[in-house]
**Q** 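Please see the structure below; I have some questions.
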Amino acid sequence: MTTSDSDASRSGIFAGDDPFAIAQRWLREAEASEPNDPNAIALSTVDADGLPNARMVLLKEIEQFGDGTGAFVFYTNYRSAKAREIEGAGKAAFVMHWKSLRRQIRVRGLVAREDGPQADAYYTSRSLQSRLGAWASQQSQPLASRGALMAEVAKMSLRYGTNPPRPPFWGGFRITPVEIEFWADGAFRLHDRFRFTRLNDAEPWVISRLNP
């Protein structure tokens with residue numbers, strides 16, 4: 001690890017050299033104070049024309065392997081607009097903001113599918129209605145009415161019963177960051193910002209303090 005700022009200035013909530021461990025710690029703190037969905041992220045992608053797109057999704061795991069490597073994992077329909085845009089660009093960004101803590105984490109990185117046992121395990125952990133909903137929803141496509149959607153859910157319930165398998169078009173994405181920024185509110189808008197950057201997992205993190 002290299003840094004342009006002393007370790008002493010990254011004490012308290014910024015302490016530590018592993019950004020994934022810091023992110024996990026901040027999320028745990030948010031779970032105790034944020035009223036709804038502390039794991040919500042605003043996920044940004046770009047379409048084939050380079051036009052940005054953003055939406056809220058739920059981050060399901062912050063992977064931290066203890067050697068400075070890790071990733072951020074969420075799940076979706078692979079036929080959705082976000083999935084098509086992610087796979088077209090191979091990159092994505094998100095921000096996780098907690099009003100209760102007055103903090104945020106910004107991430108930019110490379111994206112790959114999580115389409116194996118980990119995705120199976122998460123799908124199985126979801127409620128039955130959510131699992132059936134994954135089969136019923138043609139995500140991002142036009143829908144005639146909510147009634148039509150619920151009829152499709154009922155149809156999937158008759159087809160698969162109480163143990164539906166994970167749909168082949170539904171699974172996870174893993175964002176491996178090349179940049180992570182930790183932001184905390186400061187008096188008079190003099191916020192604290194620390195950015196971790198690197199080109200790939202084999203390189204050390206470069207840590208810089210940024211102007212607010």
Side-chain angles (χ1 to χ4, degrees), residues 18-45 53-87 89-101 103-140 153 156 160 163-183 196 201:
D18 187 331
F20 302 104
I22 298 172
Q24 288 177 335
R25 187 172 72 238
W26 283 25
L27 178 56
R28 287 194 298 270
E29 293 175 21
E31 288 170 346
S33 62
E34 200 72 8
N36 292 297
D37 297 329
N39 60 327
I41 62 175
L43 178 70
S44 179
T45 57
N53 213 340
R55 76 289 284 163
M56 303 302 296
V57 302
L58 296 181
L59 184 70
K60 288 302 178 180
E61 189 170 359
I62 301 174
E63 299 177 327
Q64 186 257 340
F65 302 119
D67 59 355
T69 63
F72 299 87
V73 183
F74 68 94
Y75 294 87
T76 191
N77 187 314
Y78 290 140
R79 298 171 181 169
S80 66
K82 75 174 80 66
R84 294 195 305 271
E85 291 170 359
I86 283 172
E87 299 204 310
K91 304 169 186 174
F94 71 80
V95 61
M96 177 179 278
H97 177 230
W98 299 294
K99 289 185 177 181
S100 61
L101 297 180
R103 301 181 205 169
Q104 62 181 330
I105 299 174
R106 297 175 58 240
V107 172
R108 303 168 72 203
L110 309 178
V111 189
R113 284 193 183 193
E114 170 45 64
D115 201 24
Q118 187 171 330
D120 292 336
Y122 172 65
Y123 179 80
T124 301
S125 75
R126 304 177 87 208
S127 70
L128 175 59
Q129 287 301 108
S130 293
R131 283 178 280 156
L132 292 171
W135 277 101
S137 174
Q138 298 181 38
Q139 197 172 96
S140 301
V153 172
M156 295 300 105
Y160 294 112
N163 190 31
R166 178 170 65 89
F169 52 82
W170 190 99
F173 282 111
R174 174 178 284 103
I175 302 176
T176 300
V178 296
E179 181 179 308
I180 306 176
E181 181 189 321
F182 297 91
W183 178 102
F196 290 65
D201 282 352

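It should be emphasised that the depicted structure is a prediction, and the values quoted were computed from it without experimental measurement.
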**Q** Per the ring pair (Phe, Tyr, Trp, His ring centres under 6.0 Å) rule, which among Tyr123, Tyr75, Tyr78, Trp135 passes with Phe169?
**A** Trp135
**Q** With sequence neighbours left out, what residues match Arg166 under salt bridge (Lys or Arg N to Asp or Glu O under 4.0 Å)?
**A** Asp115, Asp120
**Q** If we only count heavy atoms from C-beta on, is the Thr176 to Asp201 side-chain gap below 4.5 Å?
**A** yes
**Q** Output all residues satisfying side-chain contact (heavy atoms from CB on, under 4.5 Å) with Asn36, sequence neighbours left out; order by chain, then residue number.
**A** none
**Q** Taking only residues two or more places apart in sequence or in another chain, which ones pass side chain to side chain donor-acceptor pair (under 3.5 Å) with Arg131?
**A** none
**Q** Could you tell me which residues satisfy salt bridge (Lys or Arg N to Asp or Glu O under 4.0 Å) with Arg55, sequence neighbours excluded, listed by chain and number?
**A** Glu85
**Q** Would you mind telling me which of Asn53, Val107, Ile86, Val95 makes a side chain to side chain contact (heavy atoms under 4.5 Å, CB included) with Leu43?
**A** Ile86
**Q** Applying salt bridge (Lys or Arg N to Asp or Glu O under 4.0 Å), name anything that partners Glu63, two or more places apart in sequence or on another chain.
**A** Arg174
**Q** Examine distances only and state if a side-chain atom of Ser140 and a backbone atom of Ala81 form a donor-acceptor pair shorter than 3.5 Å.
**A** yes
**Q** Taking Asn39 for its side chain and Leu59 for its backbone only, find out whether a donor-acceptor pair lies under 3.5 Å.
**A** yes
**Q** Looking only at heavy atoms, which two atoms of Lys82 and Thr45 are closest? And how far apart?
**A** O-CG2, 4.2 Å
**Q** Counting only heavy atoms not in Glu87, do more than 12 sit closer than 6.0 Å to its CD atom?
**A** yes
**Q** Between Ile175 and Gly109, what is the shortest heavy-atom contact and its length?
**A** CG2-CA, 4.1 Å
**Q** Identify, with sequence neighbours excluded, every residue that meets side-chain contact (heavy atoms from CB on, under 4.5 Å) alongside Ser127.
**A** Gln129, Ser130
**Q** Taking the side chain as every heavy atom from C-beta outward, state whether Lys60 and Tyr122 have any pair of such atoms under 4.5 Å apart.
**A** yes
**Q** Distance check, rounded to the nearest 0.5 Å: Lys99 atom NZ versus Glu34 atom CD?
**A** 8.5 Å
**Q** Measuring centre to centre across the rings, with the benzene-like ring taken for any Trp, is Phe196 within less than 6.0 Å of Phe182?
**A** yes
**Q** Judged by atom type as modelled, is there a donor-acceptor pair below 3.5 Å linking the side chain of Asp67 to the main-chain atoms of Thr69?
**A** yes
**Q** Does the Ser137 side chain pair with the main chain of Ala134, one donor and one acceptor, at a distance under 3.5 Å?
**A** no
**Q** I need the minimum non-hydrogen distance between Ala93 and Arg108, along with the two atoms involved.
**A** CB-CG, 4.0 Å
**Q** Assert yes or no for the condition that the ring centre distance of Phe20 to Phe72 is strictly below 6.0 Å.
**A** yes
**Q** What pair of heavy atoms forms the shortest contact from Gln64 to Ala21, and how long is it?
**A** CG-N, 3.8 Å
**Q** Which atoms form the tightest heavy-atom contact between Ala119 and Gly171, and what is the distance?
**A** CB-CA, 4.4 Å
**Q** Would you say the ring centroid of Phe94 lies under 6.0 angstrom from that of Phe74?
**A** no
**Q** Rounded to the nearest 0.5 Å, how far apart are OG of Ser80 and CD of Gln138?
**A** 12.5 Å
**Q** With distance as the sole criterion, is a donor-acceptor pair present between the side chains of Glu61 and Gln118 under 3.5 Å?
**A** yes
**Q** Could you report the tightest heavy-atom contact between Ile180 and Pro19, atom names first, then the distance?
**A** CD1-CB, 3.7 Å
**Q** Apply side-chain contact (heavy atoms from CB on, under 4.5 Å) to residues Val57 and Ile41 and explain how you reach the verdict.
**A** CA-CA 6 Å; Val57 302; Ile41 62 175; 3.4 Å; yes
**Q** Distance to the ring centre below 6.0 angstrom and angle to the axis at most 45 degrees; does that hold for Arg103 and Trp26?
**A** yes
**Q** Taking atom NZ as the centre, does Lys91 end up with more than 12 heavy-atom neighbours from other residues, nucleotides or ligands that are less than 6.0 angstrom away?
**A** no
